[in-house]
Number of protein chains: 2
Amino acid sequence: MAAERVDGAPTDRLGFLLAWRGEATSARIRGALGVTGLHPRHAMTLMHLGTGPVSQRALSDMLEVDPSQLVAILNELESDGLAERRRDPADRRRHIVEITEAGTAALRKVDSALNEAERELFAAFSERDLASLRTMLDWVDVASVQHECSED
Amino acid sequence: MAAERVDGAPTDRLGFLLAWRGEATSARIRGALGVTGLHPRHAMTLMHLGTGPVSQRALSDMLEVDPSQLVAILNELESDGLAERRRDPADRRRHIVEITEAGTAALRKVDSALNEAERELFAAFSERDLASLRTMLDWVDVASVQHECSED
DNA sequence: TATTGTTATACTCTATAACTATA
DNA sequence: TATAGTTATAGAGTATAACAATA
């Protein structure tokens, strides 16, 4: 009964470091999206719409939000003239969602805000460092994320 | 009026990759903390208490939760016999919070669950890779995180 | 008057189920 | 019957302000 030390504080754990830097990066990105005048979720939606028209179902899969949440997001985008819904003639249950010209203009602002944010976040990195970080992040075994919290 | 491409989808952005891997890592850690039978926030609290007794104010700073939220956390830890509050004789406004023996035993389980989680997350990494990742994560300019979201 | 811990309240997110209209 | 979108409701989480005790 020797080893098996209890760390006590969550210091020096690479997992925590990665989680914290990820959260900080996420906050920086949300900030960049926010200062474009769009709520981050609307900016994210526009980013996906930027690749072309999609059904709400496909869009909710891309955004990883429930279809019922997407309704509100699209209502707001539509009332701001940034996106449009129209029925799919081939299957009248479906809505085809498309970005508008105003939406594309907003998306351009989002895009340059993100470029600026990433320049700041990774200012200390050489091109080679950037590639190296990307590679390593791909190694992290995210597949092992299946557990969820139980109760107290 | 040439360049300035609009990406459209949030692919290929290192910032998003870091944010996503961080969130996945965070979820994996929460899962590991959760399967010990503790809510992640209680486990985190025990980890900080593991370094020694502290006031609630200091503890809420460490955990980055509002003092009013900490009250509930400590009520639950205390009713489970994992931590104890006592008045500070030197300043009777203060509560000194201390981990119990049962709390220390729970903390040991938390600690080994975290070790296991990190082994899985970073299974593909050599010792040198691990050091390299840690170094690079320290380069990320988290200081530039000051912005917050505006409204739609 | 300022600080520590506590209580109460409100607001944002998210998860879920029920409903409609189409297929 | 099953699917796409919508609506309504409830829950968790969080942020805030007011309060009592003490300094």
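All values reported here derive from a predicted model rather than from experimental measurement. Residue numbering restarts at 1 for every chain, and letters A, B, ... go by the order of the sequence lines.
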Original post:
Is any side-chain nitrogen or oxygen of B:Arg85 closer than 4.0 Å to OP1 or OP2 of C:dT6?
Top reply: yes

Original post:
Could you give the CG-to-P distance, from B:Asp91 to C:dG5, as a whole number of Å?
Top reply: 9 Å

**OP:** Starting at atom CG of A:Asp88, determine the distance to atom P of D:dG5, rounded to an integer number of angstrom.
**Re:** 9 Å

Original post:
Can you tell me how far CG of A:Leu133 sits from CG of A:Asp138, rounded to the nearest 0.5 angstrom?
Top reply: 9.5 Å

Original post:
Hey, is the side chain of A:Arg92 pairing donor to acceptor with the base of C:dT22 inside 3.5 Å?
Top reply: no

Original post:
Does a donor on one side chain sit under 3.5 Å from an acceptor on the other, for B:Gln56 and B:Arg85?
Top reply: yes

Original post:
How close or far is atom P of D:dG13 from atom CD of B:Glu76, stated in whole angstroms?
Top reply: 10 Å

Original post:
Does a distance-only test, which skips hydrogens and angles, find a donor-acceptor pair under 3.5 Å between the side chain of B:Ser55 and the base of C:dT4?
Top reply: no

Original post:
Across the strands shown, which category fits A:Arg41 at heavy-atom distances under 4.0 angstrom: base, sugar-phosphate, nothing?
Top reply: sugar-phosphate

Original post:
Does CD belonging to A:Glu78 count more than 12 external heavy atoms closer than 6.0 Å?
Top reply: yes

Original post:
Roughly how many Å is it from CD in A:Gln69 to P in D:dG5, rounded to a whole number?
Top reply: 15 Å

**OP:** Measure from CZ on B:Arg87 to P on C:dT4 and round the result to the nearest Å.
**Re:** 12 Å

Original post:
Of the options B:His95, B:His48, B:Met62, which is the one that meets B:Val54 in a side-chain contact (heavy atoms from CB on, under 4.5 Å)?
Top reply: B:Met62

**OP:** Please report, rounded to the nearest Å, how far the P atom of D:dT6 is from the CD1 atom of A:Ile73.
**Re:** 12 Å

**OP:** Send over the distance from A:His95 NE2 to C:dT20 C1', rounded to a whole Å.
**Re:** 12 Å

Original post:
With a 4.0 Å cut-off, would you call A:Arg94 and A:Asp91 a salt bridge?
Top reply: yes

Original post:
To the nearest angstrom, how far is A:Arg93 atom CZ from C:dT20 atom C1'?
Top reply: 12 Å

Original post:
Counting side-chain heavy atoms from CB outward, which of D:dG5, C:dA8, D:dT14 is closest to A:Gln56?
Top reply: D:dG5

**OP:** Please figure out whether A:Ala90 or A:Ser68 has its closest DNA chain C nucleotide nearer the 5' end.
**Re:** A:Ser68

